[in-house]
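Report on the following structure.
Chain identifiers are assigned alphabetically (A, B, ...) following the order of the sequence lines, protein sequences preceding nucleic acid strands; residue numbering begins at 1 within each chain. Fair warning: this is a prediction, and the values are worked out from it, not measured in the lab. We use all heavy atoms of the structure for the numbers below, so side chains are in, but hydrogens, waters and symmetry mates are not.
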Number of protein chains: 2
Amino acid sequence: MSQGERPRAVHVIVDGWAVSTKQLIDGRRQIVNFLVPGDLCATNIYILDRADHALAALTHARVASIGAADFEAMMAASPRIARALWWNELSAASVQREWTTSLGQRNAYERIAHLLCELYMRLHAVGLTQRGGCEFPITQNDLADATGLTSVHVNRTIQQLRHDGLIELHDKRLIPNDIKRLAEAGLFHPDYLHLAPSIHGG
Amino acid sequence: MSQGERPRAVHVIVDGWAVSTKQLIDGRRQIVNFLVPGDLCATNIYILDRADHALAALTHARVASIGAADFEAMMAASPRIARALWWNELSAASVQREWTTSLGQRNAYERIAHLLCELYMRLHAVGLTQRGGCEFPITQNDLADATGLTSVHVNRTIQQLRHDGLIELHDKRLIPNDIKRLAEAGLFHPDYLHLAPSIHGG
DNA sequence: CGAGAAGTTGAAGCGTGTCAAATGCAGTGG
DNA sequence: CCACTGCATTTGACACGCTTCAACTTCTCG
């Protein structure tokens with residue numbers, strides 16, 4: 001999906017990673033969210049005009065699409081589903097506020113620590129961590145676009161995190177060696193993710 | 001409403017200004033949105049656990065509250081209202097993404113120009129502009145907390161905007177002298193606000 | 001008329017950006 | 001199997017936007 005396009009369907013990431021991005025007219029690009037398996041996106045089929053952000057796959061990814069009509073029918077048919085969709089939208093908004101806060105208040109080191117924490121926790125919540133680590137196909141360039149830093153500075157900051165024993169990061173895998181200290185370093189507090197309630201509403 | 005509190009009601013700003021803020025454990029504060037008359041907030045009564053952000057009045061303000069039960073009844077009773085509320089939530093999310101982009105990609109000058117543009121347009125959309133200007137009760141300190149800058153640098157940047165003839169800002173009033181150039185300076189494109197459709201859905 | 005909040009100013013320092021080049025690594029084709 | 005290509009990562013030197021600190025001024029309002 002491209003920025004400015006009229007969205008036609010709701011997408012669910014089945015497999016793989018994707019990003020949601022916004023682009024300024026002069027080309028600067030901001031990644032506004034990472035999407036991992038289980039994540040919904042483009043719920044804004046309700047907003048009739050153009051999409052304000054773009055979606056792109058980071059890895060080879062499988063994506064399920066639900067047409068607008070089906071989506072609305074689903075919402076109408078089951079209050080339980082409607083509620084779950086509300087819940088999903090609201091917790092996505094909460095994550096977006098946390099990103100705003102990160103970019104506004106945290107420095108490079110805290111920002112990256114926080115982002116790594118968030119992604120690890122989100123993957124953990126959907127059972128996608130193994131042996132204390134997780135897949136991590138994000139390039140330092142993408143991290144730069146997500147954190148509002150340059151890739152050069154991202155590189156230096158990651159080296160610092162490694163040196164401080166907080167993470168291992170290589171071969172597209174992230175291992176938070178000391179997730180507690182990583183969370184402290186990033187002033188990370190998982191509440192904003194609103195995780196845990198696998199069954200919600202009713 | 002405080003961060004960490006269990007939200008009880010949906011609020012509507014009837015009159016006056018408010019802010020939605022997030023605070024880090026060490027005290028740093030980020031303003032994640034400004035709320036002007038007509039704005040809804042704390043729709044997250046659906047998220048059962050704690051509020052991830054706080055609400056505070058900036059000026060003397062009148063606020064209407066809708067209890068959770070009434071709110072849900074309203075949604076259930078009228079698909080039209082439900083749809084409007086969805087629309088409201090989705091466009092709020094869009095604004096939040098734009099803020100993320102601002103903090104990540106725009107420099108101080110662009111950031112402030114963009115924010116002033118946004119607020120002016122939002123006020124304009126609800127008929128709260130007069131003679132090419134609008135009320136502007138936001139202190140430079142608040143602007144700093146919203147843009148992730150220091151108040152000192154906000155001050156200098158505003159002086160620059162004044163000097164460049166883009167705005168007048170005094171006595172709690174903002175006058176965008178040249179809104180077109182201000183928008184250009186802030187790389188502002190109003191699409192993300194999803195304004196205009198006063199009657200929506202159906 | 002006094003006191004606190006908001007706005008303004010100057011000088012110095014630091015975090016992050018910029019530019020440029022080197023290195024490593026995976027895929028491709030000869 | 002090796003040259004070739006392109007992308008991701010790493011490194012160094014230098015520049016600059018923004019912060020910090022501290023003082024001063026101007027407003028607001030009881």
Side-chain angles (χ1 to χ4, degrees), chain A residues 17 19 24 26-31 56-60 102-116 135-164 167-174 185-187, chain B residues 17 19 24 26-31 56-60 102-116 135-164 167-174 185-187:
Chain A
W17 291 57
V19 286
L24 302 186
D26 65 0
R28 279 177 273 177
R29 185 178 86 125
Q30 175 70 34
I31 292 181
L58 271 187
T59 65
H60 181 69
S102 240
L103 289 168
Q105 302 299 324
R106 287 186 249 257
N107 63 26
Y109 190 84
E110 295 164 344
R111 235 180 267 184
I112 292 180
H114 187 275
L115 179 56
L116 297 184
E135 201 191 337
F136 198 82
I138 306 174
T139 67
Q140 295 185 1
N141 235 311
D142 292 331
L143 281 178
D145 283 347
T147 54
L149 302 164
T150 58
S151 60
V152 172
H153 200 61
V154 165
N155 181 275
R156 292 186 168 125
T157 307
I158 285 178
Q159 287 179 53
Q160 189 65 45
L161 285 165
R162 277 199 273 250
H163 175 265
D164 294 347
I167 60 166
E168 281 173 42
L169 183 53
H170 47 76
D171 302 328
K172 304 205 175 302
R173 280 195 72 77
L174 165 68
L187 294 90
Chain B
W17 291 57
V19 285
L24 302 186
D26 65 0
R28 280 176 273 176
R29 185 178 85 125
Q30 175 71 34
I31 293 181
L58 270 188
T59 65
H60 181 69
S102 240
L103 289 167
Q105 303 298 324
R106 287 186 249 257
N107 63 26
Y109 191 84
E110 294 164 345
R111 227 125 104 183
I112 293 180
H114 188 274
L115 179 55
L116 296 183
E135 199 191 340
F136 199 82
I138 306 174
T139 68
Q140 295 185 359
N141 236 310
D142 292 330
L143 280 178
D145 284 346
T147 54
L149 303 164
T150 57
S151 59
V152 171
H153 199 60
V154 166
N155 181 278
R156 291 182 171 130
T157 307
I158 286 179
Q159 286 179 54
Q160 189 64 44
L161 286 165
R162 279 200 273 248
H163 176 263
D164 294 347
I167 60 166
E168 281 172 44
L169 182 53
H170 47 78
D171 303 327
K172 303 204 174 303
R173 280 195 71 78
L174 165 68
L187 293 88

Margin query: Which residues in residues 106-113 of chain A have a heavy atom closer than 4.0 Å to any atom of DNA chain C?
Written below: N107(A), A108(A)
Next item on the list: Ignoring the backbone of Q140(A), work out which of dG7(C), dC18(D), dT9(D) is nearest its side chain.
Entry: dT9(D)
Margin query: What contact category does R28(B) fall into here, base, sugar-phosphate, or nothing, at under 4.0 angstrom with non-hydrogen atoms?
Written below: nothing
Notebook entry, point to check: Between L143(A) (CG) and dT10(D) (P), how many Å, whole number?
Noted result: 12 Å
Note to self: Between the side chains of D26(A) and R28(A), is the shortest nitrogen-to-carboxylate-oxygen separation below 4.0 Å, so that they form an ion pair?
What the structure shows: yes
Checklist line | Value in whole Å for how far the P atom of dG7(C) lies from CD1 of I167(B) | finding: 12 Å
Notebook entry, point to check: Roughly how many Å is it from CG in D142(B) to C1' in dA5(C), rounded to a whole number?
Noted result: 12 Å
Check: Do N107(A) and R111(A) have side-chain heavy atoms sitting under 4.5 Å apart?
Finding: no
Margin query: I need the CD-C1' distance between Q105(B) and dG17(D), as an integer number of Å.
Written below: 16 Å
Item checked: Heavy-atom side-chain contact between L169(A) and R162(A) under 4.5 Å -> yes
Check: Between dT8(C), dT11(D), dT19(D), which one does the side chain of V152(A) approach most closely?
Finding: dT11(D)
Checklist line | Under 3.5 Å donor-acceptor pair, R156(B) side-chain atoms to dG10(C) base atoms | finding: yes
Check: Whole Å only: how far is the CD atom of Q159(B) from the C1' atom of dG7(C)?
Finding: 9 Å
Note to self: Regarding T139(B), tell me which of base, sugar-phosphate or nothing describes its non-hydrogen contacts under 4.0 Å with the strands shown.
What the structure shows: sugar-phosphate
Notebook entry, point to check: So L143(A) and I158(A), side-chain contact (heavy atoms from CB on, under 4.5 Å) or not? Walk me through it.
Noted result: CA-CA 10 Å; L143(A) 281 178; I158(A) 285 178; 3.7 Å; yes
Next item on the list: Please state how far atom NE2 in H163(B) lies from atom C1' in dT8(C), giving the value in whole angstrom units.
Entry: 16 Å
Check: Side chains of L116(B) and I167(B): does their closest heavy-atom pair fall under 4.5 Å?
Finding: yes
Next item on the list: Send over the distance from D171(A) CG to dG24(C) C1', rounded to a whole Å.
Entry: 12 Å
Next item on the list: Nearest whole angstrom, please: distance from the P of dT9(C) to the CD of Q160(B).
Entry: 12 Å
Check: Hey, is NE2 on H170(A) packed in by over 12 heavy atoms from elsewhere, all under 6.0 Å?
Finding: yes
Checklist line | R106(B) side-chain N/O to L187(B) backbone N/O, donor-acceptor pair under 3.5 Å | finding: yes
Margin query: It should be established whether N155(B) places a side-chain nitrogen or oxygen under 4.0 Å from OP1 or OP2 of nucleotide dG7(C).
Written below: no
